[in-house]
Amino acid sequence: MTKILVTSALPYANGDIHIGHLAGAYLPADIYVRFQRLKGQDIIHICGTDEHGVPITLTAEKEKKTPKEIVDYYYKRIKDSFERFGIKFDNFSRTSIPLHHRVSQQFFLKVMEKGYIYPREVEQYFCPRCQRFLPDRYITGTCPHCGFPEARGDQCEACGRWLEPTRLKEPRCKICGGVPELRKTRHWFFRLSSFQNQLKDWIETKGHWKENVKNFCSGWFKEGLEDRPITRDLKWGVKVPLAEAKEKVMYVWFDAPIGYISSTIEWAERIGQPEKWKEYWCDKDTRLIHFIGKDNIVFHALVWPAMLMAHGEFILPADIPANEFLNLEGKPMSTSRGWAVWLPEYLEEFDPDPLRYSIAINAPQTRDADFSWKDFRRRNNDELADILGNFVNRTLKFIVNNYRGNVPAVGLIDHTGKEVITQIRSVGKRVESLLERFDIKQALREAMGLAQLGNQYFDHQKPWSTHHSNPLACEQTIHVCTKIISALSIILEPFLPFTSEKIRKMLRLDRISWDDLNDPKVPATIGEVAPLYPKLEPERVELQLNKIRERAQMSKPKEIDIEYFSGVEIRIGRIISAEMVAGSDRLIRMEVSFGDFKRTAVAGIGSHYRPEELVGKKAPFVTNLKPVKIRGILSEVMILAADYPGGIKILIPDGDPPEGAKIK
RNA sequence: GGCGGCGUAGCUCAGUUGGCAGAGCAGGAGAAUCAUAAUCUUCGUGUCAGGGGUUCGAAUCCCUUCGCCGCCA
């Protein structure tokens, strides 16, 4: 049998999963895998967190933690929220485990052995204060074209021109503000350029791939593929397995996709068949499918296949169903601006299936789509509760009320009933072929059509009336309706697994398979009946809408007027003494003179200043803050300092203003 | 700036290789009372963003303007 290996993009362990991620990769993948599994296919779903790279080290610094602490935290949260949302993986690994490091290193060495990795001297900015080489976008300076003083190392945002960091005038480290210096360093490059033709030929055989994927690739072929550096001067990551590169790690984009392989190996070991991963990665008959969002297309359709070609022992992707983006309330999602719906937060308030439904029925398959809370509520109430939930409920309640919970058995089914059963089969067939093409949106519409069909049939047959006038006909109707419910529990399982489970409980069905759609099983008696979905009041979703609006507002500082500002009293103070607060490695206690009076300050700047450095310095202090006790010491004034990832700098006045001078 | 995408009914979205513009919701009318007042039937609606071109025929292909979005290793 053809095996299927499905991967979902490795989420970056630097934040929670939000609905955009779900729509882009994880939900479509989960639906596809659940469907294939119901069909009895040999399929596994592999994923894990991507835990290396500079952004994680920066988050760690910002939160005064180690990178390990950051990734441990998010690994747990991400894994947990996937589980609660019903996204099922056969293995959910992480790229920081030793197994992954080993596999990545072997991969590296193998590709190097084949001649596709080579070292090259490059000049890069190094920040002596941060003690590290700076990625392009962490350098700012004056743009040589337009004179914009805050241009980024890779591009000037004012005039839009591309830049090399070395061309910036007065370069500065974006992290600490220090002056970086050019240093020679050696990096290893992947010979991507030599795969251009091979990749082109390969993609031409993929006529069935989605338009957006092919489009992206052709753009890149036009530009021409260039070799890419695959090492970094960083401590956090997979060590480069070369004696001459002891201090380097792999660039995160290189080791991350190898995570698909190492996660599969971890899975094989876990189930006690350590060689089994090869059946998926090394067998030409296995279909490798990568589910990703559109931001990942170039990588999965070009760079990663080139890496696999270079390595030579693994299969290439058979399909890359990439989705577009999901907007939120009409605006693109933005984690930094707080404009997103995060999964852990959602799950505190609602059940998984309504969101699975909302996303799947309006999936961004061919273009960006929009998620709104209003629409979410409507989908839940008008579609899930009213059409699907009500059909199940009215039928089963009817059985309870009129047949004491025993499903009527029937010897014969009349023409109309048979027609319905034929319809079930053809809906099954259509859903099947739509899902094979990854068209989950249309597939779900078709599946829901079955509930609608049920309501129509129920209405036309009028069992509430035939129950008295023609009991046999009534029994038939209810029997057929129960068949429809049974079919719904199968056909909806990939999309709404929790709903499917509830229905199966009510119908006392323990095992289901896609083939059962040919003649859905009907139980003799039913279990306890309860409505499938509670209706959502408008307030429930308005609350959510307000939450994201407020958050977006907060990330933008509020405008204040001059009166408001003049309410803050800031004066120049001279630090007359300073000492570490006992039992703390960050707090410094200072006595500050403002000429006429003295005050005590406790400030969390000890990670970047030694007390003796501070004594004698003049700096601005807020002098009318409400005093607070910190570690038992009353802090009466607050020192002003620049606080940014990687550093804290107190402000020193220009010249020598007198103690106590007011700042306006 | 360059490249790419998008613009279809009041709203959210489908529209295969060019072949009479579609669905759901909202809105109007009716039927039914088993069911979470939940269902079912039925009705209207479009400068397919604007302009130009190719074609017997364009929402679809080409050019252009406007608007929105993304990417730029």
Side-chain angles (χ1 to χ4, degrees), chain A residues 135-137 145-146 152 154-164 189-190 192 211-212 214-220 222-230 251 253 293-299 302-303 324-325 327 329-334 358 361-372 374-403 437 439 441-442 444-446 448-449 451-468 474 477-478 481 529-536:
Chain A
D136 290 356
R137 62 173 196 278
H145 302 288
C146 71
R152 272 179 12 193
D154 51 348
Q155 182 195 21
C156 172
E157 277 167 337
C159 70
R161 262 174 278 225
W162 288 14
L163 298 170
E164 291 293 321
F189 283 69
F190 176 55
L192 184 61
E211 215 54 46
N212 56 354
K214 288 187 285 186
N215 231 318
F216 258 99
C217 294
S218 67
W220 279 58
K222 235 185 295 170
E223 300 256 322
L225 301 179
E226 282 174 30
D227 294 353
R228 299 176 55 135
I230 57 174
Y251 212 146
W253 66 258
K294 72 171 162 189
D295 51 326
N296 251 325
I297 289 176
V298 172
F299 197 78
L302 297 176
V303 182
E324 303 285 302
F325 287 148
N327 290 336
E329 306 287 350
K331 280 181 279 183
M333 234 139 346
S334 158
S358 294
I361 200 81
N362 193 23
Q365 286 170 188
T366 53
R367 59 168 170 175
D368 294 359
D370 192 44
F371 175 91
S372 77
K374 195 176 154 214
D375 186 62
F376 168 79
R377 172 169 174 263
R378 191 189 65 70
R379 299 272 188 203
N380 179 78
N381 291 359
D382 302 358
E383 298 182 18
L384 288 179
D386 291 353
I387 296 175
L388 172 62
N390 184 236
F391 172 64
V392 172
N393 194 246
R394 74 197 294 204
T395 302
L396 299 186
K397 274 272 179 69
F398 197 95
I399 294 174
V400 171
N401 294 339
N402 298 292
Y403 300 106
R437 297 205 297 269
D439 191 349
K441 192 191 234 177
Q442 196 54 37
L444 180 51
R445 278 173 215 268
E446 288 283 351
M448 283 298 283
Q452 206 156 19
L453 179 78
N455 279 319
Q456 286 165 0
Y457 176 71
F458 199 107
D459 266 42
H460 290 157
Q461 300 305 115
K462 305 191 200 312
W464 60 89
S465 149
T466 58
H467 182 53
H468 308 290
C474 180
T477 304
I478 295 303
C481 283
V529 178
L532 289 174
Y533 305 96
K535 294 248 194 158
L536 300 174

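This one's a predicted model, so the numbers in the text were calculated from it and none came from an experiment. Residue numbering restarts at 1 for every chain, and letters A, B, ... go by the order of the sequence lines.
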Review point. If pairing requires Watson-Crick or G-U wobble contacts with both distances under 3.5 Å, which nucleotide is the partner of B:C6?
Key: B:G67
Report all interatomic pairs (protein N or O, nucleotide N or O of nucleotides 29-31 of chain B) with separations under 3.5 Å.
none

Practice item. Just say parallel, tilted or perpendicular for the rings of A:Phe458 and A:Phe391, cut-offs at 30° and 60°. Key: perpendicular
Practice item. Determine, for A:Arg367 against A:Glu324, whether the closest basic-nitrogen to carboxylate-oxygen distance falls under 4.0 angstrom. Key: no
Practice item. With heavy atoms under 4.0 Å as the rule, sort A:Lys535 into base, sugar-phosphate or nothing. Key: base
Review point. Watson-Crick or G-U wobble partner for B:A29, using a 3.5 Å limit on both distances?
Key: B:U41
Check your understanding: A:His460 near the nucleic acid: base, sugar-phosphate alone, or nothing, with a heavy-atom cut-off under 4.0 Å?
Key -> sugar-phosphate
Exercise for review: Take the protein atom NZ of A:Lys441 and the nucleotide atom P of B:G15, then report the distance between them rounded to whole Å.
Suggested key: 7 Å
Study note, to complete from the structure: pair_partner(B:C72), Watson-Crick or wobble, both distances < 3.5 Å, evaluates to B:G1
Exercise for review: Take the protein atom CG of A:Leu532 and the nucleotide atom C1' of B:A35, then report the distance between them rounded to whole Å.
Suggested key: 12 Å
Revision key, fill the gap. When rounded to whole Å, the CG to P distance for the pair A:Leu302 and B:A73 reads 16 Å
Point to revise | Protein-to-nucleotide contact annotation, 5' to 3' order, nucleotides 5-10 of chain B [B base; S sugar-phosphate only; - none; under 4.0 Å, heavy atom] | key: SSSB--
Revision key, fill the gap. Checking N1-N3 plus N6-O4 or O6-N4 for Watson-Crick, or N1-O2 and O6-N3 for wobble, each under 3.5 Å, the partner of B:A58 is none
Exercise for review: Could you check how far CG of A:Asp386 sits from C1' of B:U39, rounded to whole Å?
Suggested key: 9 Å
Review point. Under the ring pair (Phe, Tyr, Trp, His ring centres under 6.0 Å) test, which residues partner A:Phe371, sequence neighbours left out?
Key: A:Trp373
Exercise for review: Could you please name the partner base of B:U12, counting Watson-Crick and G-U wobble pairs only when both distances are under 3.5 Å?
Suggested key: B:A23
Check your understanding: Roughly how many Å is it from CZ in A:Phe325 to C1' in B:G4, rounded to a whole number?
Key -> 13 Å
Check your understanding: Reckon A:Tyr533 touches a base, only the sugar-phosphate, or nothing at all at heavy-atom distances under 4.0 Å?
Key -> base
Practice item. Give the rounded distance in Å between these two atoms: CG of A:Asn455 and C1' of B:A37. Key: 14 Å
